Amino acid sequence: MNLIPAPYEFKQGVGSFRINGELTVGSELDLPLIKLKKSDNPDITVKKADMPKEAYRLTVERDGIEILAADKIGAYYAFQSLRQLSRAELGGKSIECCEIYDKPRFSFRGLQLDESRHFFGTDAVKKLIDTMFMMKLNVFHWHLTDDQGWRIEIKKYPLLTEIGSKRKNTQVGGWGSRKMIEGEYGGYYTQEEIKEIVEYADERGIMIIPEIDFPAHCAAAIAAYPWLACRELDREVPGYFGGVVPETVLGIRDWNRTICVGKDDTVNFVFDIIDEVCELFPAPYFHIGGDEAPKNEWKKCPHCQKVIKDNGLKNEEDLQGMFNNAVLEHLKAKGKRLIGWNEILKAGNLDKSAVVQYWTPQRDKRAEDFVNSGGSMIMSNHHSFYFDMTYSQYPLKFTYDYKPEKFGVSTENVKNVLGVEGENWTEWIDSVEVLDCRLHPRMEALAEVAWSEERNKNWHSFKKRLDAFKPYFDYLGINYAVDEVSLPKNLIRRGKIRKLFFKGDTHYEVKLNKEYKSKGAR
């Protein structure tokens, strides 16, 4: 059974269905993405059935194929499975007889793309959505704003893209590097482009969740509108990514700026942004980030200190907690749930209607207590799902072996985990070629973690199925990581790659992958 992700139930039949020319289809469901010729006596019959959302039953017999599904997405997933089983695009001429009943383990099966640090554009995003669709992933988390660039048009605040989408230089060479390359770097999505991509994803059963970071990671917004900060200082959009900060302004670290939540005008700005973004994204979720918020400015700001005093707050952590809950209530009035990284739990007063995304490399007792006491959680734990890291640091097996229980979720509370998500932060990912190498075959491992029941997961089986899938990478033009890279064994080379990734050549592993491929590695 060469199928990723592994299905819920699989029964091998006898014989095979021969593909003789163009297949025909007859369907009780409207399936606009299926371009096969319609027929009254079809090769493939699609019937509407009483089944769970996204589930399907696929039966392949010698004389025909039947698909049962409750909705078009379940039927589409059946076709994606049929696509892999038939290998018709790769020259396959038959499909072995079988019966598959399939349904997802988690309802939330996500992948994130950061486009603040590097911008990829509409075609690249649609290609990513297509590969997600093939792997039955159904959530695209779109990180559209950060310190290094604001990537979404906001009509009420045009300077966010006129100024905030452009930086004059870009850090290269890793976290410990001070090297900058000069030259303007920019790009953003118009609201029409956003709508086009949202519709494209929705047709494929993929929900897009925007992430607009507040209150931190706002340097690009502050460069456009300095009054958003506690002190109004003229700043440019920074081109460095953190770690070693090559410059300071008036003694203030400039890389991870936090807005002033003590000003009514700033809070109203946040609400205005949310209102406009919500019009573009129908998803019932809205991600505010909420992580890594330095509070030195808040400690000295009369506006912030007044809010702390007037509301009887203990400290600046409580101030962020108050801000988070105000945003949560604003979103709730729009029928949306707030998502934030697990740092939003620090104040200890987060409304339980929020969703926490657990990412940190270190165990977080607050996050574990939240999910074990009934809170909703998305699991993106660093060592399994941070796909921007080298394979020398996080080999493919780290992703495949993931279990929520390894990160403090009790067995009885796994039900509170909405799902899992892979992260593609792009500080050191500056092209589709590099993105592909970091993402594949991690995406395929993520898909199996997200879709398949734990009882159906097996590393050795997955590796065999992945090997069979690799011709699809070539067919789709995806620069995947070969085994020598995704499953590194040479400890000396691994150490070298990790060292270079911190300060040196962040693309060394990608270049090594190209070298291995040129020698015929798979």
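Owing to the predicted nature of the structure, the values given are computational and were not obtained by experimental measurement. These values consider heavy atoms only, across backbone and side chains, with no hydrogens, waters or symmetry-generated copies.
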How long is the gap from CE on M377 to CD1 on I339, to the nearest 0.5 Å? 12.0 Å

W359 and D291: side chain donor to acceptor below 3.5 Å: no

Would you please say whether a donor-acceptor pair under 3.5 Å links the side chains of Y394 and H382? yes

Think K397 forms a cation-pi with F462, using NZ or CZ under 6.0 Å from the six-ring centre and within 45 degrees of its axis? no

Verdict with reasoning, L144 to W150, per side chain to side chain contact (heavy atoms under 4.5 Å, CB included): CA-CA 6 Å; L144 289 164; W150 187 281; over 6 Å; no

Heavy atoms from other residues, nucleotides or ligands near NZ of K168 exceed 12 (cutoff 6.0 Å): no

Within the structure provided, determine whether Q112 and W142 are in side-chain contact (heavy-atom separation under 4.5 Å). no

Under 6.0 Å from the ring centre and within 45 degrees of the ring axis: does the NZ or CZ of K103 meet both conditions for the six-membered ring of Y56? no

Within this structure, what is the CZ-NE2 distance for the pair F120 and H118, rounded to the nearest 0.5 Å? 7.5 Å

Do the rings of F407 and H383 sit parallel, tilted or perpendicular, given the 30° and 60° boundaries? tilted

Nearest-0.5 Å distance, OH of residue Y475 to CZ of residue F469: 12.0 Å

Between D130 and K127, does any side-chain N to carboxylate O distance fall below 4.0 Å? no

